[in-house]
S.K.: 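One structure, pasted below without further comment.
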Amino acid sequence: MEKVIIIRFGEIFLKGKNKKFFENLLEKNIKNALSIYDCVIEKSQNRFYATNYDLELEDSIICTLQKVFGIHSVSPAFKFPTDITKVAELVADELPDVKTFRVSVKRADKTINLTSTEIASQIGGDILQLKGNLSVDLHNPELNINVDIRENKTTYVFYQNIKCYEGMPVGSSGRGMLLLSGGIDSPVAGFRMAKRGMQISAIHFHSYPFTSIQAKEKVIELGQIISSYCGHFPLFVVPFTKIQQAIHQYCREDFMITVMRMIMIEISEKIAISQNCGALITGESLGQVASQTLESITVTNSRVKNLPILRPLIDMDKTEIIKISKEIDTFATSILPYEDCCTIFLPKNPIIKPKVSISEAEYNKIQGLQELIEDAIKNVEIVKIKNKRK
Ligand code: ATP
Ligand code: MG
């Protein structure tokens with residue numbers, strides 16, 4: 001009896017004219033994600049099936065599939081030619097060690113002259129005959145035996161329906177440039193936009209030697225973790241030391257963070273446009289820190305001319321963000337204690353409600369800033385981020 005993994009996809013994006021586009025993209029993403037496993041992906045009647053894989057790797061394949069956006073759920077299943085008189089016999093030896101069960105039948109094959117309920121009770125009866133120690137419990141069974149009778153004379157039997165993230169296939173919603181710090185929030189922001197189908201590129205501002213090599217390595221590590229969801233991507237590491245020193249030299253102390261963020265977003269937009277990105281993504285959450293008040297966000301926005309800034313965490317509490325970061329496995333890395341460039345030269349009392357006009361005046365005080373910006377962009381280091389497949 002053949003073992004397969006049923007891969008179901010969300011229906012929402014499959015309604016319109018673009019159905020084929022989404023399906024093909026999802027198939028490509030599934031194949032990419034499973035490329036390290038020796039398995040075959042088949043498509044049949046609005047589903048994919050992973051087949052011909054090493055059974056010992058089944059759990060690992062399922063974990064990988066759970067990270068592919070656009071998949072609704074997966075089920076490891078037995079596959080055989082439809083014959084309802086044989087189902088019990090075929091699965092009897094494969095049943096997990098339980099005392100109670102029920103059979104649930106879905107019958108797409110209308111050539112069979114029995115209702116789903118009739119088929120279920122027939123198979124249930126057959127199982128009871130073969131396995132005297134089992135009993136039926138329709139309401140709270142330990143094991144639900146799902147029998148899926150498809151139109152193409154194929155039947156699948158499975159016990160589990162493992163929920164996935166759903167979302168949209170990565171690549172269906174353009175490309176965004178994620179401002180990736182070493183903190184908790186920005187990796188989660190990247191994950192959330194990838195879940196909506198966005199391809200991710202990332203940018204990191206690095207202030208070596210004020211921030212350490214480990215700080216950069218930590219960001220690369222975070223990139224590698226999120227790439228198991230969003231695929232491989234380039235990380236643009238921008239040398240930011242000279243700009244930070246200039247801010248320190250010329251600007252009012254309470255405006256230093258504001259000006260720093262104005263410059264960061266300006267550089268990010270320039271690099272994003274050169275990389276054909278259609279948006280910037282940050283991990284900002286309203287009111288979380290002084291630079292994330294409505295006034296501060298207004299100042300940051302004022303430096304961006306062409307791209308939208310997407311802030312998927314804007315309404316979230318830190319506890320909610322931490323919950324996701326634990327779930328996607330970035331938390332432990334995010335809390336490693338290496339300094340980010342935002343935490344050096346930190347003013348004691350950053351302005352909480354900066355005015356655009358004063359912020360611009362402070363920005364304009366920095367002599368030679370445009371050259372410094374051009375220089376930073378010229379010296380960007382590009383790191384290719386790939387999933388480590390831990
Ligand atoms: P995070 O937890 O993501 O580090 P944070 O709590 O440190 O965020 P801020 O320092 O205000 O908050 O940064 C807000 C957002 O600005 C971050 O979520 C990130 O998108 C971006 N950002 C901050 N520092 C950097 C950096 N060094 N390089 C790239 N982007 C950054
Ligand atoms: Mg934050």
Side-chain angles (χ1 to χ4, degrees), residues 176-193 200-208 210-212 214-223 225-226 234-241 243-244 247 256-272 277 279-297 299-301 303-304 307 309-314 316-322 324-326 328 330-347 350-352 354 376 380-381 383 385:
M177 182 64 82
L178 169 68
L179 280 78
L180 184 61
S181 69
I184 295 168
D185 306 320
S186 44
V188 174
F191 162 84
R192 303 252 304 189
M193 292 321 300
I200 301 294
S201 293
I203 189 164
H204 176 66
F205 294 88
H206 185 51
S207 294
Y208 186 78
F210 298 105
T211 54
S212 61
Q214 287 100 312
K216 184 173 115 184
E217 281 165 1
K218 173 182 168 182
V219 173
I220 292 174
E221 168 102 29
L222 287 170
I225 299 170
I226 60 169
L235 169 70
F236 298 83
V237 181
V238 182
F240 206 48
T241 316
I243 291 174
Q244 282 205 289
I247 296 170
M256 281 180 193
I257 293 244
T258 312
V259 174
M260 186 190 77
R261 298 199 58 79
M262 291 164 84
I263 300 172
M264 266 189 181
I265 208 81
E266 187 176 333
I267 293 177
S268 299
E269 188 187 32
K270 287 199 162 95
I271 296 179
C277 293
L280 299 171
I281 304 164
T282 76
E284 288 162 300
S285 149
L286 189 64
Q288 190 189 76
V289 288
S291 61
Q292 296 175 27
T293 60
L294 194 54
E295 293 78 3
S296 295
I297 286 174
V299 173
T300 314
N301 280 9
R303 294 311 302 175
V304 172
L307 299 183
I309 304 176
L310 305 178
R311 298 179 168 97
L313 314 186
I314 197 70
M316 290 176 78
D317 296 343
K318 196 76 185 185
T319 47
E320 294 174 283
I321 300 170
I322 288 174
I324 300 177
S325 91
K326 286 184 176 165
I328 66 172
T330 50
F331 183 73
T333 307
S334 288
I335 58 170
L336 292 173
Y338 304 119
E339 301 244 286
D340 181 54
C341 68
C342 292
T343 51
I344 57 166
F345 306 130
L346 200 71
I351 183 101
I352 291 170
V380 161
E381 179 198 354
V383 182
I385 302 290

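Every number for a ligand or one of its atoms is a count from 1 in the order of the listing.
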S.K.: Run the side-chain hydrogen bond (donor to acceptor under 3.5 Å, both in side chains) test against T330 and tell me which residues pass, sequence neighbours left out.
M.R.: none
S.K.: Between atom CD of E269 and atom CD1 of I203, what is the distance when rounded to the nearest 0.5 Å?
M.R.: 11.0 Å
S.K.: Find all atoms of ligand 1 within a distance of less than 4.0 Å from any non-hydrogen atom belonging to Q288, and give their numbers and elements.
M.R.: 6 (O)
S.K.: Is the contact between L178 and ligand 1 made by the side chain, the backbone, both, or neither, using heavy atoms and a 4.0 Å cut-off?
M.R.: neither
S.K.: Which atoms from ligand 1 have a heavy atom of H204 less than 4.0 Å away?
M.R.: 26 (C), 27 (N), 28 (N), 29 (C)
S.K.: Any atoms of ligand 1 less than 4.0 Å from a non-hydrogen atom of T282? List them with their elements.
M.R.: 20 (O)
S.K.: Is the ring pair Y208/H206 parallel, tilted or perpendicular, if the boundaries are 30 and 60 degrees?
M.R.: parallel
S.K.: Please say which of I309, D185, L180 ends up in a side chain to side chain contact (heavy atoms under 4.5 Å, CB included) with T282.
M.R.: I309
S.K.: Report the part of H206 in contact with ligand 1, treating N, CA, C, O as backbone and CB onward as side chain, heavy atoms under 4.0 Å; options are side chain, backbone, both, neither.
M.R.: neither
S.K.: Answer yes or no: does an N/O atom from G182 fall short of 3.5 Å to an N/O atom of ligand 1?
M.R.: no
S.K.: Evaluate G283 for polar contact with ligand 1, using N/O atom pairs at a separation under 3.5 Å.
M.R.: yes
S.K.: Would you call V238 and I243 a side-chain contact if the rule is heavy atoms closer than 4.5 Å?
M.R.: no
S.K.: Would you mind listing which atoms of ligand 1 come within a distance below 4.0 Å of any non-hydrogen atom of I203?
M.R.: 29 (C)
S.K.: How many angstroms lie between CD1 in I265 and CZ in R303, if you round to the nearest 0.5 Å?
M.R.: 11.5 Å
S.K.: Does L179 reach ligand 1 with a nitrogen or oxygen that is under 3.5 Å from one of the ligand's nitrogen or oxygen atoms?
M.R.: yes
S.K.: Applying side-chain hydrogen bond (donor to acceptor under 3.5 Å, both in side chains), can you list everything that pairs with S201, at least two apart in sequence or on another chain?
M.R.: R175
S.K.: Which option wins on minimum heavy-atom distance to atom 11 (O) of ligand 1: M260, Q292, M264?
M.R.: Q292
S.K.: Does atom CD1 (I352) have a neighbourhood of more than 12 heavy atoms from anything else shown, all under 6.0 Å?
M.R.: no
S.K.: Ligand 1 and F205, any nitrogen or oxygen pair closer than 3.5 angstrom?
M.R.: yes
